[in-house]
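Note sheet for the following structure.
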Amino acid sequence: MKNLFLRVNDRLYSSCIWIAGLAVLAMSLIIPWGIFARYVLGTGSSWPEPVAILLMVLFTFVGAAASYRAGAHMAVAMVTDRLPAPTRRSVAVLVQLLMVVVCIFMTWYGTQLCITTWNQYMASLPAVRVGMSYAPIPVGGVLTLIFVLEKLMLGDQSNRKVVRFDLVEESEGAV
């Protein structure tokens, strides 16, 4: 069961990385197009900026979940590093439990926000519902919650092969 859970989370992590990466790629193509259309073609498009913002929200929340699993999130450990080992472990568990609370908050209230604003449409993109623009919040909350529970149950997974691509590169160079 543990191996299945880890394999599913590896796939989930890879999906998060791909979604976040494609969102950044799309942003990096859309923004120059908007600039080109405005200053070279003389016809400013109204869609590049709101689409880029939506993509930024998507890559932020989905990328944050992947970043959490990879252990690449920001952490201020100045105080905790100076604590005795048993206290440090207790504080680490407390931090994970607080992360569970944050993830549940994001998921619950993000879902409520999506439901509340579902019947409204974005002024700059009339085909897009406002509720859809908020969807990355609860999705990111669920994804992060899965990775937090994984860390609580199975420990840190930031050194797994799927997470540490540099380990794959090193092992390929050794062959």
Side-chain angles (χ1 to χ4, degrees), residues 4-38 44-76 92 94-154 156-165:
L4 175 64
F5 183 60
L6 288 172
R7 282 197 314 272
V8 167
N9 280 0
D10 286 346
R11 294 268 181 169
L12 198 56
Y13 171 80
S14 294
S15 298
C16 289
I17 292 296
W18 274 99
I19 290 168
L22 289 173
V24 170
L25 175 65
M27 276 180 49
S28 66
L29 297 174
I30 288 170
I31 291 171
W33 168 254
I35 294 168
F36 178 78
R38 175 172 289 141
S45 299
S46 63
W47 64 268
E49 183 182 354
V51 170
I53 290 170
L54 292 174
L55 289 168
M56 181 181 66
V57 171
L58 177 67
F59 97 77
T60 298
F61 285 98
V62 173
S67 175
Y68 179 84
R69 187 174 196 229
H73 57 288
M74 291 186 349
V76 179
L94 176 65
V95 166
Q96 299 313 311
L97 293 174
L98 290 172
M99 280 298 299
V100 167
V101 171
V102 168
C103 291
I104 291 171
F105 178 87
M106 283 174 52
T107 303
W108 177 259
Y109 286 104
T111 301
Q112 295 303 313
L113 184 62
C114 290
I115 291 168
T116 302
T117 59
W118 189 257
N119 291 325
Q120 300 170 17
Y121 292 89
M122 295 181 66
S124 54
L125 294 171
V128 178
R129 295 176 182 264
V130 174
M132 290 205 47
S133 70
Y134 293 126
I137 298 169
V139 170
V142 168
L143 292 169
T144 307
L145 180 62
I146 291 168
F147 295 142
V148 170
L149 294 175
E150 174 189 57
K151 191 170 186 175
L152 273 170
M153 293 186 300
L154 304 174
D156 184 27
Q157 301 299 315
S158 62
N159 286 320
R160 292 186 61 77
K161 187 177 179 180
V162 70
V163 176
R164 295 289 308 271
F165 63 90

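What you are looking at is a predicted structure, and each value in this text was computed from that prediction instead of being measured.
A donor-acceptor pair shorter than 3.5 Å cannot be found between the side chains of Arg69 and Tyr13.
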Derivation and outcome, side-chain contact (heavy atoms from CB on, under 4.5 Å), residues Tyr121 and Val128: CA-CA 6 Å; Tyr121 292 89; Val128 178; over 6 Å; no
Chi angles and distances behind the side-chain contact (heavy atoms from CB on, under 4.5 Å) call for Gln157, Glu150: CA-CA 8 Å; Gln157 301 299 315; Glu150 174 189 57; 3.5 Å; yes
Check against side-chain contact (heavy atoms from CB on, under 4.5 Å), Leu54 and Leu125: CA-CA 11 Å; Leu54 292 174; Leu125 294 171; 3.9 Å; yes
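One finds the CG atom of Leu22 at 9.5 Å from the CG atom of Leu58 (value rounded to the nearest 0.5 Å). Taking OG of Ser15 as the start and CG of Asn9 as the end, the distance is 11.0 Å to the nearest 0.5 Å. Here OG1 of Thr60 is found 11.5 Å from CD1 of Ile53. Values are rounded to the nearest 0.5 Å. Rounding to the nearest 0.5 Å gives a distance of 9.5 Å between CG of Leu152 and CG of Leu145. With rounding to the nearest 0.5 angstrom, the CG atom of Leu12 is 12.0 Å from the CG atom of Leu6.
The 12-atom threshold is not exceeded at CD of Glu49, counting heavy atoms of other residues, nucleotides or ligands nearer than 6.0 Å. Surrounding CE of Met132 are at most 12 heavy atoms belonging to other residues, nucleotides or ligands under 6.0 Å away.
Counting heavy atoms from C-beta on, the side chains of Tyr134 and Phe61 never come closer than 4.5 Å. Counting heavy atoms from C-beta on, the side chains of Lys151 and Gln96 come closer than 4.5 Å.
The shortest heavy-atom contact between Ile146 and Phe5 is O-CZ, 4.4 Å. Nearest heavy atoms, Pro50 versus Ser46: CD-O, 3.2 Å. Smallest separation of non-hydrogen atoms from Ala37 and Ser45: CB-OG, 4.1 Å. Annotation for Ala52 and Ile31: closest pair CB-CG1, 3.9 Å, computed over non-hydrogen atoms. Across every non-hydrogen atom of Phe147 and Ala65, the tightest pair is CD1-O, 3.2 Å. Looking at every heavy atom in both residues, Ala66 comes nearest to Cys16 through CB-CB, 3.8 Å.
Between the side chain of Thr144 and the backbone N or O of Gly141 there is no donor-acceptor pair closer than 3.5 Å. No side-chain donor-acceptor contact under 3.5 Å links Arg164 to the backbone of Asn159.
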Name every donor-acceptor pair, under 3.5 Å, that has one atom in a side chain of residues 98-110 and the other anywhere in the protein, sequence neighbours excluded.
unit_1: Thr107; atom_1: OG1; unit_2: Cys103; atom_2: O; d: 2.8
unit_1: Thr107; atom_1: OG1; unit_2: Val142; atom_2: N; d: 3.4

